[in-house]
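Side chains included, hydrogens not; waters and symmetry mates left out as well; all remaining heavy atoms used. It should be emphasised that the depicted structure is a prediction, and the values quoted were computed from it without experimental measurement.
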Amino acid sequence: MRIWLENKELDVPRGMTLRELAEQHESEYASTPIVAKVDGVVQEFYHTVREDTHIKLCGITDNDGIRVYERGVTMLVLKAIHEIIPADRLEDVAIEFTLYTGHFCRILGKVDLDQELLDLIREKMRSYVDADIQFQKRVIRTRDAKELFGFLNMESKVQLTKYRRNSRMTVYELGDYTDYYFGAMPYSTGVLQYFDLQLYMDGFVFIIPNKSEPTKVQHFNVSKKFFYTMQYTNDWIEMMGVSNVGELNDVIVRGEFTELMSTQEALHEKKIGDIAEDIVKHKSRIVTIAGPSSSGKTTFSYRLSTQLKTLGVNPHPIGLDDYFVNREDTPRDEDGKYNYECIEAIDTAQFQEDMMGLLEGRSVRLPTYNFLTGMRQYDKPFMQIGEHDILVIEGIHGLNDKLTQSIPESEKYKIYISALTTLNLDAHNRIPTTDGRLIRRIIRDARTRGNTAQKTISMWDSVRKGEEENIFPFQGKANVIFNSALIYELAAMKLYADPVLFQVPSDSEEYSEAQRLLKFLDYFLPVDPHDVPLNSVLREFIGGGILLG
C-alpha cells in the first residue's frame, strides 16, 4: 500500500506497524524515532500503518519526541522507586517542577534519600532499559480508573478523574507498575538510553538530553535563588490546598474561587512591594527587568513603578528597543533574517553613555527607534534626573553584563521575571512553564496583533531558541526573581484559548500542538475571566486592564 514518509512516497506491506516502519528508516534520522505523527495526529508505535497517510517520525530532536521521552523516563523513575522502597515506607513520588535542565522530584514517606539509594534507583532504571520492556496501554472506563488509582493510593489522580468529561481513560503498565500519563508513551524502554539522576536539596533531579544534543545528558546547573523561588511558590500553593488541577477544580466547584484569586493577587502585590523596598534600601538608581516571552514584564514594570512612587522615588521607564542599531547594521541569523534578539542588535556603547550621563546629572536626549525606517531618531525632549529618580529599563538583555558593564554594580538592581508554574495535573504529570506562557501569547497575539494560533505556534520554537541564548543563561545574575504565574490563570484563559486553538487547520504542521493544548485545557473547569482584577498581570493577555487596556 502507498504512504508518504516525510513527503516521500513509499510502498509498504499491509499490516506493518509504525514501529516496524521506524526500524526500517531509523538510520535516516538524527535521533532514534520514538513516536509518529500520522496526518498531524501523534500516534504510538504499536499502531498499524494506514494507507494513503502522511507520516512523520519524531525523535528527541522534535518537540513531540522529547515529551514522549520525558514521560518514559518518568515512568522508569517511578517504577524503580516503587520496586526498591517497601510499600509501608513509601507514600508517593512527586514530580514537582522543572529546574531548567532537571526535573525536581521528592520521595514522600519514611525514606532517607542519599547517594546510595539514588545509585540503586539509577541502576534499576538501567536494568529496565537493557531488558527493553514494552509499555502496555489499556483504555478503561474513567470510573474504573478512579477506583484503580484509589486502590494504588494515587490520590491526585483520583482528584483528576473526578472532573474528567471523557468516559474512557488510558493507563499504562510497565511490568507490574501502573500509572496514568498525559500524552503518548514510548513503545518500549530500550529507546530510553540517556538519562541521569542527581541529588539536589531535599530531593533529586532526573535529567535527559535536549533537542540539540539527543545523545548527551544535559549538564545540571541551577542557581539556588531560582530553586527557592520555585519552592516558595510550591509551598504556597500547597498551603492553599491547590497543588494540582483536581484541587483547583474542587475550589471552583465549592464557590471559593474569588477568595483564592484575591489571595494570589495580594501575594503578587506584596512581592512587588517587597522588591520596591529592596531597591530603595540598596539605593539603586538603575533597575533592569528581563524575562522570557509572555512573562508579564510590562505589567510588572508598571506595578513596580507604582510601588516605587509610594516610597518617595520617581521611576522613569526606558525601553531597550529604542537602542537597536540601525537596521543595516543588525546581525543576521543562520537563515539570513535580521536577528533582533542578540545583544549585538543593541547599541550597548550608546546606551551606557546615556545612562551614565543621566546618573551623573547631565541633560541627555534619548533616542527613539523607528521600526518603519529602521533608524534611530532623536525627537524626545532632553531628560535630566535628580537624586530621587530611578531609571527602569525593560528588555531581554537586562541581565547581561555586556549591557551595563560600565555602570557601577552599586547603581544596578536586576530583576528576572517569568511565569514559573508549579501547579501540576497530578503528582506524576507536571505542567511545563512553557505551556502556560505559550497559551498567554496565543491569547494576546490573537487579541492585539490579529495573529492566528497557528502563526503563534509556528513561531514558538524560534522564540524559545532566542530565550535559550539570550535570557536563561543570565538568570543567576538577578538580584531577585519574580514569579508571575497565577494559580488560577489557566482556568481563566480557557474560554479565550479554546476558540482560537480550534481554528488551527487539521492539515497544518501546528495542528497536533493545538490539539495537545486543547486536551490539556480540558482538565480545567473554566472561571469567569471578568472577575480578574483590572491590574492583574493576566490582563496583559486577556485585555480589559487599567494598565495596558
Pair R516, D435 - check salt bridge (charged side-chain N to carboxylate O under 4.0 Å, His left out), show working. CA-CA 10 Å; R516 184 184 72 85; D435 280 0; 2.9 Å; yes
- Message: Test side-chain contact (heavy atoms from CB on, under 4.5 Å) on I471 and L399; report intermediate values, then the result.
- Response: CA-CA 8 Å; I471 300 175; L399 304 181; 5.7 Å; no
Practice task
Check step by step if side-chain contact (heavy atoms from CB on, under 4.5 Å) holds for T452 and V500.
Solution key: CA-CA 7 Å; T452 63; V500 291; over 6 Å; no
- request: Could you please spell out the steps behind the side-chain contact (heavy atoms from CB on, under 4.5 Å) verdict for F204 and R106?
  value: CA-CA 7 Å; F204 70 95; R106 279 195 179 90; over 6 Å; no
Full working for side-chain contact (heavy atoms from CB on, under 4.5 Å) between I390 and I286: CA-CA 6 Å; I390 290 180; I286 283 190; over 6 Å; no
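Using bins of under 30°, 30° to 60° and over 60° for the plane-to-plane angle, the ring pair F520/F524 lands in the perpendicular bin. Using cut-offs of 30° and 60° for the angle between ring planes, the F104 and F227 rings count as perpendicular.
Counted within 6.0 Å of OH on Y302, heavy atoms from surrounding residues, nucleotides or ligands total 12 or fewer; the atom is thus considered open. At most 12 non-hydrogen atoms from other residues, nucleotides or ligands lie less than 6.0 angstrom from NZ of K224. Within 6.0 Å of CD on E360 lie more than 12 heavy atoms contributed by other residues, nucleotides or ligands. Surrounding NZ of K283 are at most 12 heavy atoms belonging to other residues, nucleotides or ligands under 6.0 Å away. Heavy-atom contacts from other residues, nucleotides or ligands closer than 6.0 Å to CG of D335 number more than 12. Crowding of Q377 atom CD: a count of heavy atoms from other residues, nucleotides or ligands under 6.0 Å exceeding 12.
Comment: R430 engages E70 in a salt bridge, judged by a side-chain N to carboxylate O separation of less than 4.0 angstrom. We find that E513 and R67 are joined by a salt bridge, their nearest charged nitrogen and carboxylate oxygen being less than 4.0 Å apart. With salt bridges taken as basic N to acidic carboxylate O contacts below 4.0 Å, one links K270 and D274. Note on D445 versus R440: no salt bridge recorded, every NZ/NE/NH1/NH2 to OD/OE distance being 4.0 Å or above. Electrostatic pairing of E469 and R464 does not count as a salt bridge here, judged by no charged N lying under 4.0 Å from a carboxylate O. Under 4.0 Å is where a charged nitrogen must lie from a carboxylate oxygen, and between K477 and D401 at least one such pair does. Salt-bridge annotation for R303 and E269: present, with a side-chain N of the basic residue lying under 4.0 Å from a carboxylate O of the acidic one. The pair D62-K56 meets the salt-bridge criterion, with a side-chain N (NZ, NE, NH1 or NH2) lying under 4.0 Å from an Asp/Glu carboxylate O. Note on R437 versus E467: salt bridge recorded, some NZ/NE/NH1/NH2 to OD/OE distance being below 4.0 Å.
Counting only heavy atoms from C-beta outward, the side chains of L391 and I385 approach each other to under 4.5 Å. Under the 4.5 Å side-chain criterion, counting only non-hydrogen atoms from C-beta, V42 is in contact with V35. At a threshold of 4.5 Å between non-hydrogen side-chain atoms, the residues E394 and L320 do not count as touching. In this structure the side chain of I207 reaches within 4.5 angstrom of the side chain of Q198, judged on heavy atoms. For the pair N470/I343, no side-chain contact is recorded, criterion being any heavy-atom separation below 4.5 Å from C-beta on. Inter-residue side-chain proximity for I396 and P292 is flagged as unmet; no heavy-atom pair is nearer than 4.5 Å. By the 4.5 Å heavy-atom criterion applied to side chains, M125 and F206 are not counted as neighbours. Side-chain contact check for V129 versus F195: some heavy-atom pair is nearer than 4.5 Å.
Residue pairs meeting the side-chain hydrogen bond (donor to acceptor under 3.5 Å, both in side chains) criterion with at least one member in residues 288-297, sequence neighbours excluded, are S293-R441. Applying the ring-ring contact (aromatic ring centres under 6.0 Å, His included) test to every pair with at least one member in residues 406-437, sequence neighbours left out, gives these pairs: H282-Y413.
A side-chain donor from one of T299 and E540 sits under 3.5 Å from a side-chain acceptor of the other. Judged purely by distance below 3.5 Å, without hydrogens or angles, the side chains of H316 and D389 pair a donor atom with an acceptor atom. T456 and N451 share no side-chain donor-acceptor pair at under 3.5 Å. Side-chain N/O atoms of E238 and S243 include no donor and acceptor closer than 3.5 Å. No donor-acceptor contact under 3.5 angstrom links the side chains of Q384 and S363, judged on distance only. A donor atom on one side chain and an acceptor atom on the other are not found under 3.5 Å apart for T61 and K211. Side chains of D354 and Y323: a donor on one and an acceptor on the other come within 3.5 Å. No side-chain donor-acceptor contact under 3.5 Å links E328 and N326. In this structure, a donor-acceptor pair under 3.5 Å is present between the side chains of N63 and D461. There is a side-chain donor-acceptor pair under 3.5 Å between Y488 and E265. For the residue pair R332/Y338, the side-chain donor-acceptor check at 3.5 Å is satisfied.
Judged purely by atom type and a 3.5 angstrom limit, Q352 uses its side chain to pair as donor or acceptor with the backbone of S406. Between the side chain of T348 and the backbone N or O of E344 there is no donor-acceptor pair closer than 3.5 Å. Counting only distance, with no hydrogens or angles, the side chain of N429 and the backbone of F182 share a donor-acceptor pair below 3.5 Å. Judged by distance alone, the side chain of R447 and the main-chain N or O of F541 form a donor-acceptor pair under 3.5 Å. Between the side chain of S31 and the backbone N or O of P214, no donor-acceptor pair lies under 3.5 Å. In terms of modelled atom types and a separation under 3.5 Å, the side chain of H397 and the main chain of E341 share a donor-acceptor contact. No side-chain donor-acceptor contact under 3.5 Å links S418 to the backbone of L420. Put simply, the side chain of R539 never gets that close to the backbone of I546: no donor and acceptor are under 3.5 Å apart. Between the side chain of N400 and the backbone N or O of L403 there is no donor-acceptor pair closer than 3.5 Å. Put simply, the side chain of R365 gets close to the backbone of K380: a donor and an acceptor are under 3.5 Å apart.
Paired with R376 under the rule side-chain hydrogen bond (donor to acceptor under 3.5 Å, both in side chains), one option of D322, T368, D347 passes, and it is D347. Y369 pairs with exactly one of Y340, F324, F351, Y378 by the ring pair (Phe, Tyr, Trp, His ring centres under 6.0 Å) rule, that one being F324.
In terms of heavy-atom proximity, Q218 sits nearest to I208 at NE2-O, 2.9 Å. Residue M240 comes nearest to T263 through the heavy atom pair CE-CG2, 3.8 Å, listed as atom of the first residue, atom of the second, then distance. Smallest separation of non-hydrogen atoms from N535 and L547: O-CD1, 3.9 Å.
The ring of H268 has its center closer than 6.0 angstrom to the ring center of F482.
Scored by the side chain to side chain contact (heavy atoms under 4.5 Å, CB included) test, Y100 finds E468, F472 as partners (sequence neighbours excluded).
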